Amino acid sequence: MIRGMLHFDANLLDPEVEAQVDELLAKLSLREKIGQMVQIHVHDGNVEASLELIAGGHVGSVLNYYEASKLNRLQRAAVEESAAGIPLLFANDVIHGYRTIFPIPLAISCTWDPELAQEAARIAAEEATADGTHWTFAPMVDIARDPRWGRIAEGAGEDPFLGAAMARAQVQGFQHDNLESGRRLVACAKHFAAYGAVEGGKDYNTVDLSERTLRDVFLPPFKAAFDAGAGAVMSAFNEIAGVPCTANAFLLQTILRDEWGFQGLVVSDWDAVGELIAHGCAADLREAAALSAGAGIDMDMASNAYRQHLEQLVAEGAMPAAVIDLAARRILRQKCILGLFEQPYVDKSRAAHSFLRPEFRAKALEVAHKSIVLLKNEGDLLPLDRAVRRLALIGPLADDHHEILGTWHRIGRDEDAESVLDGLRAVLPETEIICVRGSNVLESEPAGVGAAVQAVSASDVVVMVLGEAETMSGEAHSRAYLGPPAPQMQLLQAVYEATTQGPQAKRQPLVVVLMSGRPLVIPWLATHIPALVQAWHGGIRAGRAIADVLVGNVNPSGKLTATWPRAEGQIPIYYAHKSTGRPVTGPGVRQFDEAFRSHYIDEENSPQFPFGYGLSYTSFRYEGLQVETPVVDLDGEVVVSAMVRNVGRRAGDEIVQLYVHDLVAEVTRPVKELKGFQRVSLTAGEERRVRFAIPVQELGFYGLDMAYHVEPGQFQVWIGPASSSGLEGSFTVRDT
Ligand code: NOJ
């Protein structure tokens, strides 16, 4: 008996493509159709065995294998040697660039610039398709509210509204219109669903959350990706409330197909079909195959369950042949849309002139510039005086060309990357730069601290570059302690002491640049270090981008898209939390200040740095909030505006944010929800009225009946520079 068997709906599709698919399906045997549903991992060590499987018609797709000529060789086996001659679909993790490595996705989201995210994805598609890839396992659209989870690096942070905007943009970038040219990369929204909600932030762990939170918080970026035309979706490793996503007909059928009408293909995550055994809901691989295919997984990534068991299951009547037909149809549909039957091979000469083009490198620099977040700048220490004679550059990441690329950099190369040292040399040609590593990322260097302290005494200013190695975030790299590792803290404290000794006039200003794949927990740094720059893992141009920011060639403008906690014990911490029945009455309130409220006895509720936060070398003043529609109909638009003025002495970009709060509803609503944002550029002294028009229909939630609706009544609204501050007004949604 197969639980959660899917049912079938007629799909509204392009009749020409469907006719082509019908014709193909009519020619395929059951075994060949099942072959389409199999995705294998090829590497240089198993090519011969893979070629045999491919020629035998047992493979529909290959993952994680690169290079035009190698892929063409596999393709030849499929097209020229297999009986049916169906081309393979080549899939890879093209996550933040292919050869031109951009900042990690979390950093890209800190630009709050979906157009830029779209351009980065388009460039990735340009390079990846030139090398033979057809399909990327991106965008990763998981909402992440737990920085312990290493995969927070791969997404757009904690907010569904921003997450949806970034998801849409990336899909449009990967799948840009140029269908015929072979430059379109099929996008795959992942991981469906709620993977970011793993307990304790531990990768692959259990998820148990309400259907309302699933729908309100975790699903909107997926919906946005599909509305933008994403051709595929990947099921998540985790279970939700006892049902693994890879065997979850509620997700894969009810929501995805019945409610959303998704026509694309569903692939499992790596061996996730086989993992149903470890989850404890399938006794063996045969049952695992039956459960996943029955729930709606069209393609089995790397577990071999479909190849080994589906045919037999159909023969025994345990699996309707229609399930196989439908899955094969969805896979063939993508192959037809890509034009693989007309052009299965990639022109080998394309890669050479497609990689690392000057305009791609320039775009990577622009993204890196805009993703950097200035966290602290006491006494306007930054930007640095360009006339500085001697600069000490200290830390394991100061002259690093590798960690800077971040998780999932795949074919990205260290030699393509600029380190911070490279960048500073380029922007400060007259300055003597004394670069000392001082420590490794995770282990101390015996003579490191002494050398670093010496460099301090020989310098006029100190820049330290600290943080995480690329392998400290991303898949399977969850952490329980989120500060810079101990050896780096020891180095930092020694350098700090060296910069705070002696007469004031001789003390060297200290700037810390942080690189990481997640929000860090840095209470000591936030208190003691006067200037803090968060640079993430910024890709091949990060070193230059950081240098540009340090000397003021570029005014930083990035803002955080995931909250930075004060302590790991506050996690999960996110701005869009609920009020509770016992909210604290103000910031900084702790137990004993005010008893029996929802707070800790030993830490504030407020984060170190809130969602939406980021400083600039100039300042922006917000005034004159106007709610232009104090009463608005359910089918109307709320129009709210505010004057934003650059009151500093430099030009700068400000990310203006709009939040709402539905004051009373049949189910409790978050204290604030992002509903609009705009990046505006203002010269010194310039002011602009920034106007938002928000469709009232975007202010809804899943109610008691688990249907989406907007509840009439009063809303608060804020326009401001971060989730923690802003001008406040209100409006009423009228029942019409
Ligand atoms: C496992 C990861 O969870 C997924 O994100 C990735 O796309 C696949 N492996 C393929 O590499």
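Note that the structure is predicted; figures quoted are calculated from it, not measured. For ligands, and for the atoms within them, numbers begin at 1 and follow the listed sequence.
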(request) Classify the contact between Glu154 and ligand 1 as side chain, backbone, both or neither, using a heavy-atom distance cut-off of under 4.0 Å. (result) neither

(request) Give the numbers and elements of all ligand 1 atoms closer than 4.0 Å to a heavy atom of Leu63. (result) 10 (C)

(message) Please list, in number order, the atoms of ligand 1 under 4.0 Å from a heavy atom of Lys190.
(response) 4 (C), 5 (O), 6 (C), 7 (O)

(request) Compute the minimum heavy-atom distance from His191 to ligand 1 and say whether it is under 4.0 Å. (result) yes

(request) State if Arg151 counts as touching ligand 1 under the rule of any non-hydrogen atom under 4.0 Å. (result) yes

(request) Identify whether NZ of Lys or CZ of Arg in Arg122 sits under 6.0 Å from the centre of the six-membered ring of Phe174 and within 45° of that ring's axis. (result) no

Check whether the ring centres of [X] and [Y] lie less than 6.0 Å apart, and answer yes or no.
| X | Y | value |
| --- | --- | --- |
| Phe102 | His96 | no |
| Trp564 | Tyr574 | no |
| His537 | His409 | no |

What protein heavy atom lies closest to [atom]? Include the residue and the distance to one decimal.
| atom | value |
| --- | --- |
| atom 2 (C) of ligand 1 | Glu475 OE1, 3.2 Å |
| atom 6 (C) of ligand 1 | Asp93 OD1, 3.3 Å |
| atom 1 (C) of ligand 1 | Asp269 OD1, 2.9 Å |

(message) Looking at every heavy atom in both His41 and Leu63, which two are closest together, and how far apart are they?
(response) CD2-O, 3.5 Å

(request) Measure the CD1-CD distance between Ile34 and Gln308 for me, rounded to the nearest 0.5 Å. (result) 12.0 Å

(message) Quick one: does any side-chain atom of Ser292 pair with a main-chain N or O of Ala288 as donor and acceptor, under 3.5 Å?
(response) yes

(request) Please determine if Arg410 has a nitrogen or oxygen closer than 3.5 Å to a nitrogen or oxygen of ligand 1. (result) no

